[in-house]
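Proteins come first, then strands; the chains are lettered A, B, ... in the order of their sequence lines, and each starts at number 1. We use all heavy atoms of the structure for the numbers below, so side chains are in, but hydrogens, waters and symmetry mates are not.
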2 protein chains.
Amino acid sequence: MDRHNENIEDLKCNVIHEDVVESVSDKMIDMDTVKELAEFFKVFGDSTRLRILYALSLSEMCVCDIAAVLGTSQSAISHQLKVLRQMRLVKYRRDGKVIYYSHDDGHITEIFRQGFEHINEEKE
Amino acid sequence: MDRHNENIEDLKCNVIHEDVVESVSDKMIDMDTVKELAEFFKVFGDSTRLRILYALSLSEMCVCDIAAVLGTSQSAISHQLKVLRQMRLVKYRRDGKVIYYSHDDGHITEIFRQGFEHINEEKE
DNA sequence: TGAACATATGAACAGTGATTCATATGATGA
DNA sequence: TCATCATATGAATCACTGTTCATATGTTCA
């Protein structure tokens, strides 16, 4: 055998500051919580969903109206509304054949605001 | 020809409330801004990046230390740090061979907070 | 009750993205 | 200057995800 991969650890770098690693590891967020958080933020990481949420911040709307405003197919909107529903970001009420969607979470506005502030800061 | 797809619009539903559609369309967020926002939030939609950001909220850290805390390869961390750098969420300083990363945005903490509040509300 | 309409959904497809592997870069110190 | 170490990065791979297409569900009204 040649000198390749004598030790797997050779490929990694070593811990530089054991105290920091230990201290941070102790206070580290647990995996379940991280995954929940990631799932939550993932919802905001898509243009279509963001536009739906933004539109709903202006007015309660039915599926067709949302599709019309976004210029997207009813099916695509419906699929995304399902995601938003499952994440409890929107709620809906039925009135005959029509289903009206609206926000179901007070944090949406604040999260948008933080996002806006961030991308505006970059333009300087 | 048969009666299939006589009109593309048949597949879509019709606009129900023209006034709402018009009003919301007027105030609608523009596409460039939405895409920027989505790019920004997308960064928070990954467990590895979230854990890096969380770790850095506890202490400035070098790449190796981050990899050690997360139990992930140096390469994976480095790739993700690049994303975080490009999104201006982290900054770094060099000290010899070692590069120390830290937060570069005041909104990170607030965004985390909103995320926590949301996922905690769901548990009731 | 059945046609028409609003909405939901399953499957397929295409594009994206995170990790791995191998290697490059850049700094140190002997 | 050369070996070593910390970090960065390009390419390949695999999994995920958003849209489309076709169709199903559920409600109204004639």
Side-chain angles (χ1 to χ4, degrees), chain A residues 2-17 21 34-35 38-39 41-52 61-68 70-87 90 92-101, chain B residues 2-17 21 34-35 38-39 41-52 61-68 70-87 90 92-101:
Chain A
D2 60 4
R3 74 265 173 273
H4 248 271
N5 286 346
E6 305 151 1
N7 190 338
I8 322 163
E9 301 304 313
D10 287 352
L11 298 173
K12 302 171 53 174
C13 42
N14 301 310
V15 172
I16 311 290
H17 314 87
V21 171
V34 167
K35 281 184 179 168
E39 288 307 307
F41 288 124
K42 206 171 285 180
V43 175
F44 291 87
D46 175 75
S47 298
T48 303
R49 285 190 296 262
L50 275 188
R51 288 199 298 158
I52 294 175
M61 282 203 276
C62 71
V63 180
C64 280
D65 288 352
I66 299 174
L70 303 204
T72 316
S73 74
Q74 176 268 320
S75 180
I77 298 293
S78 206
H79 277 294
Q80 296 304 346
L81 282 171
K82 185 179 190 178
V83 175
L84 295 171
R85 242 161 41 216
Q86 286 171 335
M87 199 50 74
V90 301
Y92 63 94
R93 67 182 178 86
R94 172 159 227 146
D95 183 12
K97 285 182 290 193
V98 182
I99 296 183
Y100 295 94
Y101 280 86
Chain B
D2 62 4
R3 75 266 171 272
H4 249 272
N5 286 344
E6 307 152 358
N7 190 338
I8 322 164
E9 300 305 311
D10 286 353
L11 296 173
K12 302 172 53 174
C13 42
N14 302 310
V15 172
I16 311 290
H17 314 87
V21 170
V34 167
K35 282 185 178 166
E39 288 307 307
F41 288 124
K42 206 170 284 179
V43 175
F44 291 86
D46 175 76
S47 297
T48 303
R49 285 191 295 261
L50 275 188
R51 288 199 296 158
I52 293 175
M61 281 203 277
C62 71
V63 179
C64 280
D65 287 353
I66 298 173
L70 302 205
T72 317
S73 73
Q74 176 268 320
S75 180
I77 298 292
S78 205
H79 277 294
Q80 297 304 345
L81 282 171
K82 185 180 190 177
V83 175
L84 295 171
R85 244 160 41 216
Q86 287 171 336
M87 201 50 74
V90 301
Y92 62 95
R93 66 181 178 86
R94 174 158 226 145
D95 184 10
K97 284 182 288 192
V98 184
I99 296 183
Y100 295 94
Y101 280 86

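- Remark: P of C:dA6 and NE2 of B:His17 are 10 Å apart, rounded to the nearest angstrom.
- A:Gln74 contributes a side-chain N or O that forms a donor-acceptor pair with the base of C:dA8 under 3.5 Å.
- Both A:Lys97 and A:Lys82 lie close to DNA chain C; mapped to their nearest nucleotides by heavy-atom distance, the more 5′-ward contact belongs to A:Lys97.
- Note on A:Tyr101: a side-chain N or O is less than 4.0 Å away from OP1 or OP2 of C:dA8.
- When rounded to the nearest whole Å, the span between CD1 of A:Ile52 and C1' of C:dA8 equals 14 Å.
- With sequence neighbours excluded, the residues that form a side-chain contact (heavy atoms from CB on, under 4.5 Å) with A:Val21 are A:Val15, A:Ser25, B:Asp65, B:Ala68, B:Val69.
- Qualifying side-chain contact (heavy atoms from CB on, under 4.5 Å) partners for B:Leu84, counting only residues two or more places apart in sequence or in other chains: B:Val43, B:Arg49, B:Ile52, B:Leu53, B:Leu81, B:Leu89, B:Val90.
- One interatomic measurement links the two molecules: CD1 of B:Ile99 to C1' of C:dT25, which rounds to 10 Å at whole-angstrom precision.
- Regarding B:Ile77, its CD1 atom lies at a distance of 15 Å from the P atom of D:dT9, rounded to whole Å.
- For A:Ile99, the side-chain contact (heavy atoms from CB on, under 4.5 Å) partners at least two apart in sequence or on another chain are A:Tyr92, A:Arg94, A:Tyr101.
- Dashed line: the shortest gap from a side-chain N or O of B:Arg85 to OP1 or OP2 of D:dT9 is under 4.0 Å.
- When the P atom of D:dA6 is taken as reference, atom CG of B:Asp95 falls 13 Å away, rounded to whole Å.
- Phosphate contact (OP1/OP2 of D:dA6, side-chain N/O of B:Arg94, threshold under 4.0 Å): absent.
- Distance B:Leu84 CG to D:dA8 P: 12 Å, rounded to the nearest Å.
- Under the ring-ring contact (aromatic ring centres under 6.0 Å, His included) criterion, A:Phe44 pairs with A:Phe40, B:Phe41, sequence neighbours left out.
- For A:Lys35, the side-chain contact (heavy atoms from CB on, under 4.5 Å) criterion is met by A:Met31, B:Ser47, not counting sequence neighbours.
- When side chains are defined from C-beta on, B:Thr72 does not count as touching B:Gln80, because their heavy atoms never get closer than 4.5 Å.
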Quick one: which protein N/O atoms are closer than 3.5 Å to N/O atoms of nucleotides 16-20 of chain D? Pair and distance per line, please.
residue : atom : partner : partner atom : Å
D:dG18  : OP1  : A:Arg49 : NH1          : 3.3
D:dG18  : OP1  : A:Arg49 : NH2          : 2.8
D:dG18  : OP2  : A:Arg49 : NH1          : 3.1
D:dT19  : OP1  : A:Thr48 : OG1          : 2.6
D:dT19  : OP2  : A:Gln80 : NE2          : 2.8
D:dT20  : OP2  : A:Ser73 : OG           : 3.2
D:dT20  : O4   : A:His79 : NE2          : 3.1

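- Atom CG in B:Leu81 sits roughly 13 Å away from atom C1' in D:dT9 (whole-Å rounding).
- Note on A:Ile16: only backbone sugar-phosphate atoms sit closer than 4.0 angstrom, heavy atoms only; bases stay farther off.
- Residue A:Arg93 contributes atom CZ, which lies 12 Å from atom P of C:dT7 at whole-angstrom precision.
- One distance of note links CG of A:Leu50 with CG of A:Leu70; it measures 11.0 Å at 0.5 Å rounding.
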